[in-house]
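Here's the structure we're looking at; comments come further down.
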Protein chains: 2
Amino acid sequence: MTTRPRRADSLRHTDPVDVRLQEALDALADPVRRSILRTLAGEPDFTCACGTFDLPVSKATASHHFAVLRAAGLLEQIDQGSRRLNRLRRVEFDARFPGLLPLVLDEDEPTG
Amino acid sequence: MTTRPRRADSLRHTDPVDVRLQEALDALADPVRRSILRTLAGEPDFTCACGTFDLPVSKATASHHFAVLRAAGLLEQIDQGSRRLNRLRRVEFDARFPGLLPLVLDEDEPTG
DNA sequence: TGCGATGTACGATAGCCATCGAACAGCCTG
DNA sequence: CAGGCTGTTCGATGGCTATCGTACATCGCA
């Protein structure tokens, strides 16, 4: 009935409203994930595919990190062909946890 | 030469200014530690000894958690006899990481 | 001086999670 | 359709850390 592609089955989004502080902190406690968020913050919405990030981990691990960030209400993803484009949920997440995301985005140290 | 008691040797404080976001998030990612902070926030400064907290862990583990919080610039401790009294470094920590501590203190769920 | 209370230090253990390679699936282009 | 690209899933592994019991140190008090 639905015309939605099979690929989207792995795209469960979590509304930031439903995210607990524990999950948010767990998600943000990883330096690789924070670097993903910072990169995303510097680009327009839905212009970064997962594979375009320069990360010090394998693509399997990177995929895991994107899933964690999505589950924590930190990003929205849409499929475009074989690519998965990302958007930082800046406003919604900041409404749920005021000030938390800015701390991450303003972090001056890139290495982690 | 110094008249400082031996006991204070285990009291290295970290100025919140010198704390990195990574350490802060690691410290706050533990539910036991967050419950310590919330308890502390509800009492006057330097009125809670470490042993007075009702925690679901052994005293050895509790001591470890207090050390982590102190190292993250989240609390100040002073010795009073055989007791160690605590103060939440609310203002200093909030100056370093604006908004972060309030998120923890306003956390409505006690279980973690 | 001896005892109980408070808290730290140490060594061991267990569970969690970041990580990886390999296999798999969808998508696009030649 | 074949091959390459993008991304997920799976099982295994290693490291980190929360946890504990025990031993130890310090302090106040009888």
Side-chain angles (χ1 to χ4, degrees), chain A residues 2-13 22-36 40 46-72 75-87 111-112, chain B residues 2-13 22-36 40 46-72 75-87 111-112:
Chain A
T2 170
T3 57
R4 202 173 58 159
R6 281 304 218 358
R7 181 159 165 64
D9 288 353
S10 61
L11 264 181
R12 306 280 163 136
H13 282 86
Q22 181 71 64
E23 307 172 65
L25 293 176
D26 285 341
L28 296 177
D30 186 280
V32 174
R33 289 197 279 267
R34 290 200 305 278
S35 88
I36 290 175
L40 226 37
F46 297 125
T47 57
C48 294
C50 297
T52 65
F53 291 74
D54 188 25
L55 302 175
V57 294
S58 71
K59 69 173 182 171
T61 300
S63 179
H64 164 68
H65 285 312
F66 279 101
V68 171
L69 290 173
R70 201 178 55 231
L75 51 85
E76 180 186 357
Q77 298 182 304
I78 56 174
D79 287 337
Q80 188 188 59
S82 65
R83 301 199 187 152
R84 187 158 279 188
L85 303 181
N86 298 276
R87 177 181 78 86
T111 61
Chain B
T2 171
T3 55
R4 200 174 59 160
R6 281 305 213 3
R7 180 159 165 65
D9 288 353
S10 62
L11 264 183
R12 304 283 163 135
H13 282 86
Q22 181 69 65
E23 306 171 66
L25 293 176
D26 285 341
L28 297 177
D30 187 279
V32 175
R33 289 197 281 266
R34 290 200 304 277
S35 88
I36 291 174
L40 226 38
F46 297 125
T47 57
C48 294
C50 296
T52 65
F53 291 75
D54 186 26
L55 301 176
V57 295
S58 70
K59 70 171 182 172
T61 299
S63 179
H64 163 68
H65 285 311
F66 280 101
V68 171
L69 289 173
R70 199 178 56 233
L75 51 85
E76 180 186 357
Q77 298 182 304
I78 56 175
D79 287 337
Q80 188 189 58
S82 65
R83 302 200 189 151
R84 187 158 281 187
L85 304 180
N86 298 276
R87 177 181 78 86
T111 60

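Letters A, B, ... are given to chains in the order of the sequence lines, protein chains preceding strands, and every chain is numbered from 1. Bear in mind the structure is a predicted one, so any value in this text is a computation, not a measurement.
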Salt bridge (charged side-chain N to carboxylate O under 4.0 Å, His left out) pairs, two or more places apart, involving residues 22-33 of chain B: B/R20-B/E23
Polar side chain donor-acceptor pair, B/Q77 to B/R70, under 3.5 angstrom: yes
Spacing of A/F53 atom CZ relative to D/dT6 atom P, expressed in whole Å: 14 Å
Whole angstrom value for the distance that separates C1' of C/dA25 from CG of A/D79: 12 Å
Atom-pair distance (CG on B/L11; C1' on C/dA9), nearest Å: 14 Å
Euclidean distance, atom CZ of residue A/R83 to atom C1' of C/dA25 [Å, nearest integer]: 18 Å
Sugar-phosphate only, base, or nothing, as touched by A/A67 at under 4.0 Å among non-hydrogen atoms: nothing
Side-chain N or O of B/R84 closer than 4.0 Å to phosphate OP1/OP2 of D/dT26: no
Length of the line joining A/L55:CG and D/dT6:C1', which is rounded to integer Å: 15 Å
Separation between CZ of A/F46 and CG of A/L40, rounded to the nearest 0.5 Å: 9.5 Å
Got a list of protein N/O to nucleotides 15-19 of chain C N/O distances below 3.5 Å?
unit_1: C/dA18; atom_1: OP1; unit_2: A/R33; atom_2: NH2; d: 3.1
unit_1: C/dA18; atom_1: OP2; unit_2: A/H64; atom_2: NE2; d: 2.9
unit_1: C/dT19; atom_1: OP2; unit_2: A/H65; atom_2: NE2; d: 2.4

B/Q80 to B/L85 - nearest heavy-atom pair and separation: OE1-CD1, 3.5 Å
Spacing of A/L69 atom CG and A/L75 atom CG [to the nearest 0.5 Å]: 5.0 Å
For A/A24, all residues meeting side-chain contact (heavy atoms from CB on, under 4.5 Å), sequence neighbours excluded: A/V19, A/F93, A/F97, A/L100
Nearest-Å distance for atom pair CG/P, residues B/L85 and C/dT6: 12 Å
Any B/S82 side-chain nitrogen or oxygen under 4.0 Å from OP1 or OP2 of D/dC27: no
Nearest-Å distance for atom pair CZ/C1', residues B/R12 and C/dA9: 15 Å
Euclidean distance, B/R87 CZ relative to B/T47 OG1, rounded to 0.5 Å: 12.0 Å
For atom CD of B/Q22 and atom P of D/dC16, their distance in whole Å: 13 Å
